[in-house]
Every structure is written in C-alpha cells, then in structure tokens.
Number of protein chains: 2
Amino acid sequence: MCRSSSRSPSRTGGRPRSAAADAAILEATRAALVELGWSKLTMGDVAGRAGVAKTTLYRRWAGKNELVVDAVAVLFDELELPDRGSLLADIEGVVVQFAALLERPETKTALMAVIAESTRDEPLRERIRTSIVERQKRLVLAGRQRAQARGELPDSPASATGTDDLIFDVIAGAVVHRALVSAEPVDAEWVRRFTALLLGGLAAAAQA
Amino acid sequence: MCRSSSRSPSRTGGRPRSAAADAAILEATRAALVELGWSKLTMGDVAGRAGVAKTTLYRRWAGKNELVVDAVAVLFDELELPDRGSLLADIEGVVVQFAALLERPETKTALMAVIAESTRDEPLRERIRTSIVERQKRLVLAGRQRAQARGELPDSPASATGTDDLIFDVIAGAVVHRALVSAEPVDAEWVRRFTALLLGGLAAAAQA
DNA sequence: GCCTTTCGCTACGAGTCGTAGCGTAACCCC
DNA sequence: GGGGTTACGCTACGACTCGTAGCGAAAGGC
C-alpha cells in the first residue's frame, strides 16, 4: 500500500488527499498509454483525462516515470499461480499469464520504457523492483516450493543461493524477449517448447 | 551497408552526402547517450557535438529513434563466436560478450528505449530487427551448427523449426533481464549456472 | 561550366515541462 | 463550531525541444 511519494513525516491535520483522484489519475494514465503510447503521453493530457489539475499530479508524483510505474504496477497483481497439479503445468500457466499481460498495449509500451529510464535513475529502479519485479518473483518462489512439496524437485538443492533469481530471469527474460524484441506471438507451441527446455534443465541440475 | 534513410531513387549528380558527417554524427550520438542518456538526448545537442547543423540530421534520419538505432547497431558488430572447443564454452563466451555489451552505458540506456518505441512503430521495429536482432541471432545459428559438427547435438533435431529462435530468446532474454531488469551483475558464477541450465535443457530435448 | 544536391545558418510556431502564486475547499483537533 | 493545516483548481510563466522553412554558399557529377 505504498502511496505515491514518501508520505511519512508528521501527518497531522489538514485536508487529506483524495483517494478518488488517485484512482482516476492512474486509470487515466493507463488509458493514455493505450491511446498514445509512452512517448506521446504527457502529464497535461493525463490531468485532463482524470479531471484534475496538472499541479495535482506533480504534488503526488515526481514525473512521468513514477506515475507510469504506479499505473501499470497494479496490473501485475493479477498474476497468480493456481495449482495445476505439476511443475510443468504450473510453469506453462504462469508463462501464459505473463505473456497475456505483455500483450496488453499499456504494459507493452510502458514496461520497456520505464526500465530504460531506470538505468539512469536509481530511485526509479528501486520503485520498479518493489512494485513490479518482486511481485513476479514471488510466483517463482511459490512454484519452486510447491514442486518441492510434490517431490518434483530436491528439497535442498546444492548451492541453492540465487537459484530462484536465475529461474526468474530465464522465465521472465525469455517471455519478454519473445514478445517485445522478437515481436512474435507467445503461442501454445512456443510455451510448450520453452517449458520443456526449462524443465529439462532443472531436471539435469537436480541429478548433478 | 544500409544507409540512413532510403536512398535509392534516381541518384544522379549533385553534391554527395558527407560520409565523415555520418561518422561524426553517430559518434556524437553515442557520446551523448553516455553523458545524457536516452531521455535527455536531443537532436540539437547531437548536432552541436558532431559539428553539423541540426537540419543535416533531419535530412538523414527521421528522428531520434532511427538515429539511436543506427548509432548503437555498430556496437553489436563486435559480437563474435570464437571456437572455444565445446558448446558449453561457446555459450559461456557469447553470454559474457553480450553481458559486457549491455554493461556499456550507451547500450544500456538505448536498447530498452528503442524497443519500447518499436512497440508502436512498425518501421522502427523492422530497423531494429535487421540492424541489431538478426546480428545476434546469427551467433546462435553458428553455435548450433558448430555443436552439431562436434556431435554435441543431433544433426536433425525433431521439429527443429523455430528451435534457434527459442534458444535465442532464452539466452538474450535471460541476460537482458538479469542485467537491466534485475539490475544485478552477470558475473562468472551466474554465467556458469545459466549455461549449465540451458545445456541441461538441450541435452534433455536431444534425448527425447 | 552548368546543374543538382547538400550544407550551415537563422528564424519560426507549436508543444511540453515544471513551478509559482492565489483564492477556495476539505478535513482534524480542540 | 472555530482555528489551523493541508489539498485543490486555476492561471500564467520562462525555458526548452521539436520539426520545418527559407536563404546563400559549397561541392560534386556530367
């Protein structure tokens, strides 16, 4: 529930910020991303769509970068990991979900843009990490633990430190690269092949 | 040797474009990317650095997107695939090279940005594909053929259609995600683990 | 030597940025 | 219910970038 900017010091009396305005602004931002894309999205346009003054936006967000991160972050909350009975099915399920999210025009145009900006903006990178990346990574952690409970993976893999991070980078990286760089569809056939490749690698690592 | 914009129709007499200006502009663009990053790079600034008029830039490139793609494309020519004796060593070598390229501030800030732009600009996507993506993909093709010659991979893998594409998305995607999204170092330990994972998956696929 | 094209330069309207200042509105606390 | 405090809408502003137009001059092909 992190609010826009850091709002901790001495929250005494005074008019509280409108929660409705927050929702309207974020919704307007997503709409603007769909219609205009990242590069043509302007703060003034978002303010107009949301029915608020431009100054209100700047009171809550430092700029376009932070606003867009918050606007798309909620979309990543939709990602879930239902138990499909096997590690293979679980991986396929999360890959399909993630691919569907990347197909949406809001995320498609915004995700790479904010990551590009974050390469020169450490606070922004941290915001992306906590708002977007960590939420995805939890799915990997949950999937691994579930697979271990099923006995599909060894309980204490040798040198497990960073293994979750590796799996996460492979899954998320491959899907993003397929969808946005290669710009080819993440269809059932691709998902099947990718999952088979990853699962084969995990099995080989478990034997060693 | 594709020149900036499409220059095919009726190239009769007249003053030819300065090749030196082209080189100076692309060099200035890379320098500006290092110092300013993608978002603060302006066409006027690049023109000033290159010692040419701003109008000269617009005569050759449609805008910032196309200019930056051309400026960073040449960096991807440095990628090579020397024979290191085994598929494992070859993969590790290309991963290290690619990671080193992504560590450079020019590519780090530019690559994600132009990909983000390309999601809403089909001609730009095509330019990226031919100038950057295909050059990387060739390394995967060469590595696979070399491994087949060594006998490390079956000569005619079942349903090989799109396998190179899959491997490419996995390798490039994982490295990019590690370096730019997770923003953690692609060190020797990570490369070793990733390569082992990928190689295990390939071996499992070969057995099936 | 003529023709064609590029070049540097200047200037321009349009658009965006981020902020300042003001009067008003909404809420908390006493 | 009155103060005090903060958020809000609105307007206006300087600074900056964009992409283009117009000009005279320069550099090559034929």
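Any value given below was found using the heavy atoms of this structure, including those in side chains, with hydrogens, waters and symmetry copies removed.
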| Does any donor-acceptor pair link the side chain of B/R15 with the base of C/dT5 at a separation under 3.5 Å? |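 Flag unset: no donor-acceptor pair detected.
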| said: For a quick check under 3.5 Å, do B/S86 and B/E152 share a side-chain donor-acceptor pair by atom type? | reply: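 The answer is no; no qualifying pair exists.
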| field | Under-4.0 Å side-chain N/O to phosphate OP1/OP2 contact, A/R17 with D/dA7 | value |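 Yes, within the criterion.
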| Are the side chain of A/R135 and the backbone of A/S131 linked by a donor-acceptor contact shorter than 3.5 Å? |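 Confirmed, A/R135 side chain pairs with A/S131 backbone.
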Taking NZ, NE, NH1 and NH2 as the nitrogens, is one of them in [X] or [Y] under 4.0 Å from a carboxylate oxygen of the other?
X: A/D165; Y: B/R178; answer: no
X: A/R104; Y: A/E78; answer: yes
X: A/R127; Y: A/D70; answer: yes
X: A/R144; Y: A/D164; answer: yes

| said: At a heavy-atom distance below 4.0 Å, what parts of residues 35-58 of chain A sit against DNA chain C? | reply: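 Of all residues in residues 35-58 of chain A, the ones placing a heavy atom under 4.0 Å from DNA chain C are A/T42, A/M43, A/G44, A/K54, A/T55, A/Y58.
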| task | Nearest whole angstrom, please: distance from the C1' of D/dG9 to the CZ of A/R59. | result | 8 Å
| request: Would you work out how much the helix from C/dG1-D/dC30 to C/dC30-D/dG1 bends between its ends, with each end axis defined by five base pairs, to 10 degrees? | output: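 The end axes of the helix from C/dG1-D/dC30 to C/dC30-D/dG1 are about 30° apart, to the nearest 10°.
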| For B/W38, is the NZ or CZ atom of B/K108 found under 6.0 angstrom from the centre of its six-membered ring and inside 45 degrees of the ring axis? | no
| query | What orientation do B/F168 and A/H177 show, parallel under 30°, tilted 30 to 60°, or perpendicular over 60°? | reply | perpendicular
